[in-house]
Colleague: 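My questions will all concern the structure given below.
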Number of protein chains: 2
Amino acid sequence: MDKHSPIHITLEQRDEAVTITQWVYSSLRRAVMLGQLPPGRALTIRELASLLGVSPMPIREALRQLSAEGALEIQGNRRVMVPRMTAMKFNELVEARIALESHAAAQALPYMDSDRLAQIRTLDDQIDVAEAAGDAETVMQVNQDFHRLIYTANPHQVTMPLIESLWLQLAPFMRVAASNLVEYYQIDRHHEAMEAIARQDAIALRLAIAADIRDGCAFAASPETLQALISA
Amino acid sequence: MDKHSPIHITLEQRDEAVTITQWVYSSLRRAVMLGQLPPGRALTIRELASLLGVSPMPIREALRQLSAEGALEIQGNRRVMVPRMTAMKFNELVEARIALESHAAAQALPYMDSDRLAQIRTLDDQIDVAEAAGDAETVMQVNQDFHRLIYTANPHQVTMPLIESLWLQLAPFMRVAASNLVEYYQIDRHHEAMEAIARQDAIALRLAIAADIRDGCAFAASPETLQALISA
DNA sequence: TGAAGTTTTATGTGATCACAATTTGATGGC
DNA sequence: GCCATCAAATTGTGATCACATAAAACTTCA
């Protein structure tokens, strides 16, 4: 049944109030985020359907949505797979993140209030704890929440879906790299960002976000790491 | 059969080599671009199916893809529609365009060659012609091609899908506004951009692109025009 | 032994159907 | 005249099926 490598997806509890398609979507989305789907591996509808225990229909819809979001790629053969990464593409994704997220942060700054800043500080503390425990998985997860909580201060959301798309494209490769090395440098950048928010200093915030992203992705941009990611 | 207002979609010729879903997708996409689908109007799968003369299945897939791209919006009721516009959201979309496209232009600049620049100049001439003829439709169309041809000089594309998403969200409202007024100011900005490309001047290119977008959307940002768009 | 041609299998696409939930339109009461 | 209530119609969701195409496996020949 398995073409090349077997696939294992950690299923989450199925909520009755939600449609099967939505459940399949979030399941597959997390599988992509966690790097559970090998890049280049062809995903067949029927295989995923039996894997998740549903009919092919919700799988089709979820795959199309994920493809539209850049998480998956539809080849000419009409086969769908996790896109393969290249060093140049990785760099482009990081640069796009910097451009979009520093902009999103600046646009969100005027809407920031003390409540939200307090929540952001809480997340930063959680990252601290996870970092000390060497839990790279949680660090990445909460780090995303940290960034999202900043950008979503802006009630007129147009950038967040675009940013999520970039995260989806980077995540499977970031994770492989992150497992090698738990970083602690981000703390400084996060503090810079939080101070900039407190001061309502847009320029400083942009710089802090940009530096945070660049630092967080720099280790993966080393030739040997990238090579490992690509061939993986 | 029609809930509130009747819908008319200009169908393009169905290419046999392409799947029905793809044809439906491009048809609906263009309908959104041309503002043929009234914002807020609920789109039902069966209605579109009979309108396009296909089964509900390809419609479902196309709607999901367009929703993932931000062209359509799925409400809690599981109803799909063209998102309504607000003045603030319009502004956010324009600012996001500026941030993303000026970045994309700068990232594409090193890859630009004389062949592509010549093609870009050709498109600018076509805009000139359409402008003189008062053909706002063609102006918008070719103007998009103009921008796209700049950004896609970069062979490692990650920003173009994001930019297309912003275009999709803005287009239906831009068109309504553009029908009131055919602009000619863009020519200057386009010349600035092309000169910057010829000089490989990234900063000047960023400024030209940003100014072009801002100018092109400024007329729509006037309170009265926006009000007309929102209530339309 | 290896490559080309043929058969067999697997897969995506699209149509049809059943069902539950939502919306709509009518009805009755204040 | 207006709103709550209920019945009928509509709609999205998901499953199953048929078919054309692509991939894979097998056979055959050089």
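So that the names make sense, note that chain A is the first sequence line, chain B the second, and so on, each numbered from 1. Quick caveat: nothing in here was measured; it's all calculated off a predicted structure. Side chains included, hydrogens not; waters and symmetry mates left out as well; all remaining heavy atoms used.
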Colleague: Can you list the residues that meet the side chain to side chain donor-acceptor pair (under 3.5 Å) rule with A:Asp145, with sequence neighbours excluded?
Modeller: A:Arg148
Colleague: Under the side chain to side chain contact (heavy atoms under 4.5 Å, CB included) rule, collect the residues that match up with B:Ser165, sequence neighbours excluded.
Modeller: A:Leu162, B:Gln169
Colleague: Considering only residues two or more places apart or on different chains, which pairs with a residue in residues 56-66 of chain A satisfy salt bridge (charged side-chain N to carboxylate O under 4.0 Å, His left out)?
Modeller: A:Arg60-B:Glu61, A:Glu61-B:Arg60, A:Glu61-B:Arg64, A:Arg64-B:Glu61
Colleague: Just how far, in rounded Å, is P of C:dA10 from CG of A:Leu48?
Modeller: 17 Å
Colleague: Check DNA chain C against residues 22-29 of chain B and give the residues with a non-hydrogen atom under 4.0 Å, in numerical order.
Modeller: none
Colleague: Between P on D:dG12 and CE on B:Met81, what's the gap in Å once rounded to a whole number?
Modeller: 14 Å
Colleague: Which residues within residues 8-16 of chain B lie with some heavy atom under 4.0 Å of an atom in DNA chain C?
Modeller: none
Colleague: Run the salt bridge (charged side-chain N to carboxylate O under 4.0 Å, His left out) test against A:Glu95 and tell me which residues pass, sequence neighbours left out.
Modeller: A:Arg214
Colleague: Expressed in angstrom and rounded to an integer, what is the separation of B:Leu52 atom CG from C:dA15 atom P?
Modeller: 11 Å
Colleague: Of all the nucleotides listed (D:dT16, C:dT13, C:dG12), which has the minimum atom distance to the side chain of B:Thr19?
Modeller: C:dT13
Colleague: Could you state the CZ-P distance from B:Arg79 to C:dA21, rounded to the nearest angstrom?
Modeller: 16 Å
Colleague: Without decimals, in angstroms, what is the distance between B:Glu47 CD and C:dT24 C1'?
Modeller: 15 Å
Colleague: Who pairs with A:Arg78 by salt bridge (charged side-chain N to carboxylate O under 4.0 Å, His left out), at least two apart in sequence or on another chain?
Modeller: none
Colleague: Hey, which sits more toward the 5' end of DNA chain C by its nearest nucleotide, B:Pro56 or B:Glu61?
Modeller: B:Glu61
Colleague: Of the candidate nucleotides C:dG14, D:dG14, C:dG12, which contains the atom at the shortest distance from the side chain of A:Pro58?
Modeller: D:dG14
Colleague: Without decimals, in angstroms, what is the distance between B:Arg64 CZ and D:dG12 C1'?
Modeller: 10 Å
Colleague: Could you work out, with side chain to side chain donor-acceptor pair (under 3.5 Å) as the rule, every residue matching B:Ser55, not counting sequence neighbours?
Modeller: none
Colleague: So, OP1 or OP2 of C:dT16: does either fall under 4.0 Å of a side-chain N or O from B:Ser55?
Modeller: no
Colleague: Might you point out which heavy atoms bring A:Ile150 and A:Met112 nearest each other, and give the distance in Å?
Modeller: O-CE, 3.8 Å
Colleague: For nucleotides 17-21 of chain D, list the nitrogen or oxygen atoms of the protein found under 3.5 Å from its nitrogen or oxygen atoms, one pair per line.
Modeller:
none

Colleague: Take the angle between the ring planes of B:Tyr151 and B:Trp167 and call it parallel below 30°, perpendicular above 60°, tilted in between.
Modeller: tilted
Colleague: For A:Gln13, enumerate each residue passing the side chain to side chain donor-acceptor pair (under 3.5 Å) test, keeping only those at least two apart in sequence or located in another chain.
Modeller: none
Colleague: Check every strand shown and say whether B:Leu43 touches a base, only sugar-phosphate, or nothing at a heavy-atom separation below 4.0 Å.
Modeller: sugar-phosphate
Colleague: Output the rounded distance in Å from CE (A:Met57) to C1' (D:dT16).
Modeller: 8 Å
Colleague: Base, sugar-phosphate or nothing for A:Ile74? Non-hydrogen atoms, less than 4.0 Å.
Modeller: nothing
Colleague: So if I take every side-chain heavy atom of B:Ile45 and compare against D:dG12, D:dT16, C:dT22, which nucleotide ends up nearest?
Modeller: D:dG12
Colleague: Only counting residues at least two apart or in another chain, list the ones meeting salt bridge (charged side-chain N to carboxylate O under 4.0 Å, His left out) with A:Glu69.
Modeller: none
Colleague: Please give me the minimum heavy-atom distance between A:Pro83 and A:Phe173, naming the atom from each residue.
Modeller: O-CZ, 3.6 Å
Colleague: Enumerate the residue pairs fulfilling salt bridge (charged side-chain N to carboxylate O under 4.0 Å, His left out) with a member in residues 101-118 of chain B, sequence neighbours excluded, ordered by first and then second residue.
Modeller: B:Arg97-B:Glu101
Colleague: Starting at the 5' end of DNA chain D, which residue's closest nucleotide do you reach first, A:Val18 or A:Asn77?
Modeller: A:Val18
Colleague: Measure CG/B:Leu51 against P/D:dT11 and give the value in whole Å, please.
Modeller: 13 Å
